[in-house]
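Naming: A, B, ... by sequence-line order, numbering from 1 per chain.
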There are 2 protein chains.
Amino acid sequence: MNKAVDTRSQIIERASELMMQRGFNGFSYRDISEPLGVKNAAIHYHFPSKTDLIHALIEENHEVLRRKTSAFMAYGGSAREQLEGLFCFTLEQCKNGRPVCVVGALAADYDELPEDIRRANERFTDDTGKWLTRVLEVGREQGEFDFRGDAAGKAIIIAASMQGGRQLYRVHGEKLLHRLFSQIRSELGIEQ
Amino acid sequence: MNKAVDTRSQIIERASELMMQRGFNGFSYRDISEPLGVKNAAIHYHFPSKTDLIHALIEENHEVLRRKTSAFMAYGGSAREQLEGLFCFTLEQCKNGRPVCVVGALAADYDELPEDIRRANERFTDDTGKWLTRVLEVGREQGEFDFRGDAAGKAIIIAASMQGGRQLYRVHGEKLLHRLFSQIRSELGIEQ
DNA sequence: GTCTATATCCGGATAGAC
DNA sequence: GTCTATCCGGATATAGAC
């Protein structure tokens, strides 16, 4: 692993953090280069334009999600644990200064974004929705969850509320997220 | 109503639209002044700084919400109608190029915002939560809704999912919002 | 692969004329 | 109350040296 690879991944890491903190228009190249101890030109070398950087960043986040969820999809496991993992992940991200998820961070600028970024974003949310639907289905089959109706519909309201919850976290803090998680558990028939 | 008042309110109107479209950092004074046929300086006359403008904009939106909801709070009415009004309002806003609500638009930049704007935002979301909780309570009392547990918790998940739904609207379009609305209705025991 | 230096543009904001 | 003119800082991006 040479220096270039290292710088490249550090840029993506820092850019992800900034995106989730401040959105697409909320950070500059200096916010990345300064803490990394490199110059703006170094970023342009790895990613010619800002949209190239964003594209790489979405793919990277997608890849992380894939790794985290593939084990469950392939071999089965506790649905309850998967759900709590989602809650935990969301809470940790918020606490670590990443209160806006990638999709949310891009939402504000969506129609200015190039087509390929929109596609990448679409695939990302699609995969998340499918994973959550599967968790709900498996959880019901295994008797961990108790709910009626369409698992896909349930997945939509949960996924949407997690995104909205991140926004409300900013305004009302951690307590609100815990109340949201409690409500979701309660609606899945999980005694707490 | 003289010219100044008119310009002032037009600025707020246009700024609201831009905020909900692109977020705090996503628009400039030119985006406001050009379509209004005035110069940037005119905006600075009415609102010395950008945060002054944002503050006025939140208050204005809050006022609109207050007017829309006060009748229900004071005299009672159909809770179902109120809920459908919320759905309709959200969908119309999305379709009219306002896919991000004020809270969401500010979320990305929240910790850069001055204290008074944060307060205004807090009051806004508080009032929304209280209104929705009341709608759910009244709806259950009147037999329009059927759900168990805490109405405030239900309000949180619904409010959060509406905000998140707006973000997902960008990625997956109107169909997703309709599925979200259906799911909420179904979880409130409303036959469709 | 990373640097320095620079180009180009656009942002919010202010001063002062009308 | 709105204009013109201007300031100043910061943004993305490029050219060419090392």
Side-chain angles (χ1 to χ4, degrees), chain A residues 1-19 21-58 60 105-106 108-114 116-117, chain B residues 1-58 60 105-106 108-117:
Chain A
M1 191 171 297
N2 60 32
K3 200 168 187 184
V5 171
D6 196 44
T7 299
R8 193 192 139 94
S9 62
Q10 280 182 30
I11 291 171
I12 291 187
E13 173 63 17
R14 177 80 186 124
S16 288
E17 193 177 336
L18 287 162
M19 266 283 290
Q21 259 175 31
R22 311 186 201 162
F24 182 74
N25 284 312
F27 70 95
S28 72
Y29 278 47
R30 253 188 62 195
D31 298 321
I32 301 171
S33 57
E34 220 164 55
L36 260 55
V38 297
K39 300 297 170 184
N40 284 358
I43 305 175
H44 280 287
Y45 168 77
H46 292 284
F47 310 97
S49 80
K50 196 172 181 178
T51 57
D52 293 320
L53 173 56
I54 303 301
H55 198 168
L57 178 165
I58 296 174
E60 172 66 20
L106 288 171
D109 318 272
Y110 212 69
D111 32 58
E112 296 163 44
L113 298 175
D116 61 334
I117 291 192
Chain B
M1 190 169 300
N2 59 32
K3 201 169 186 186
V5 171
D6 197 43
T7 299
R8 193 191 139 93
S9 62
Q10 280 181 30
I11 291 171
I12 291 186
E13 173 62 18
R14 177 81 186 122
S16 287
E17 191 177 338
L18 287 163
M19 266 283 291
M20 298 191 201
Q21 258 175 32
R22 310 186 201 164
F24 181 74
N25 284 312
F27 70 95
S28 71
Y29 279 48
R30 255 188 60 195
D31 297 321
I32 302 171
S33 57
E34 220 163 55
L36 261 54
V38 297
K39 299 298 168 184
N40 284 359
I43 304 175
H44 280 288
Y45 169 76
H46 291 285
F47 310 96
S49 80
K50 196 172 181 178
T51 56
D52 293 319
L53 173 57
I54 303 301
H55 199 168
L57 179 165
I58 296 173
E60 171 66 20
L106 288 171
D109 318 274
Y110 211 68
D111 31 58
E112 297 164 44
L113 298 175
E115 185 60 19
D116 61 333
I117 290 193

Taking [atom1] from [X] and [atom2] from [N], how many angstroms apart are they, rounded to a whole number?
| X | N | atom1 | atom2 | answer |
| --- | --- | --- | --- | --- |
| A/Ile11 | D/dT12 | CD1 | P | 13 Å |
| A/His46 | D/dA13 | NE2 | C1' | 16 Å |
| A/Phe47 | D/dT14 | CZ | C1' | 18 Å |
| A/Ile43 | D/dA11 | CD1 | C1' | 12 Å |
| B/Asp31 | C/dC10 | CG | P | 12 Å |
| A/Ile32 | D/dA13 | CD1 | P | 11 Å |
| A/Leu53 | D/dA11 | CG | P | 15 Å |

Query raised in the report: What's the shortest heavy-atom distance between B/Ile117 and B/Leu113, and which atoms?
Result: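 Closest pair (atom of B/Ile117, atom of B/Leu113, distance): CG2-CD1, 4.0 Å.
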**Report entry** Minimum heavy-atom distance B/Leu57-B/Ser16, with the two atoms named
**Finding:** CG-OG, 3.4 Å
Let me confirm one number: the [atom1]-[atom2] distance from [X] to [Y], rounded to the nearest 0.5 Å.
| X | Y | atom1 | atom2 | answer |
| --- | --- | --- | --- | --- |
| A/Leu53 | A/Met19 | CG | CE | 9.0 Å |
| A/Glu112 | B/Gln21 | CD | CD | 9.0 Å |
| A/Glu17 | A/Ile32 | CD | CD1 | 10.5 Å |
| A/Ile54 | A/Leu106 | CD1 | CG | 6.5 Å |
| A/Asp109 | A/Thr51 | CG | OG1 | 12.5 Å |

Query raised in the report: Can you list, by residue number, the residues of residues 21-29 of chain A that have a non-hydrogen atom closer than 4.0 angstrom to DNA chain C?
Result: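 Of all residues in residues 21-29 of chain A, none places a heavy atom under 4.0 Å from DNA chain C.
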Contact under 4.0 Å: [X] side-chain N or O vs [N] OP1/OP2:
| X | N | answer |
| --- | --- | --- |
| A/Tyr45 | C/dG1 | yes |
| A/His44 | D/dA15 | no |
| A/Thr7 | C/dG1 | no |

Query raised in the report: Would the B/Phe47 and B/His55 ring centres measure less than 6.0 Å apart?
Result: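 Ring-ring flag for B/Phe47/B/His55: false, centres at least 6.0 Å apart.
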Report task. Answer yes or no: is there a donor N or O on one side and an acceptor on the other, between the side chain of B/Tyr29 and the main chain of B/Lys50, under 3.5 Å? Result ->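 It does hold such a pair.
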Query raised in the report: What string of B, S and - do you get for nucleotides 3-9 of chain C, 5' to 3', when a contact is any protein heavy atom under 4.0 Å?
Result: BB-----
Requested in this report: Note down the inter-axis angle between the two ends of the helix from C/dG1-D/dC18 to C/dC18-D/dG1, five pairs each, to the nearest 10°.
Outcome: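 One end axis against the other gives 10°.
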Requested in this report: Flag the pair A/Ser49 / A/Asp52 as yes when at least one side-chain heavy-atom distance between them is below 4.5 Å, and no otherwise.
Outcome: yes
Query raised in the report: Would you call B/Arg22-B/Asp31 a salt bridge at under 4.0 Å N-O?
Result: yes
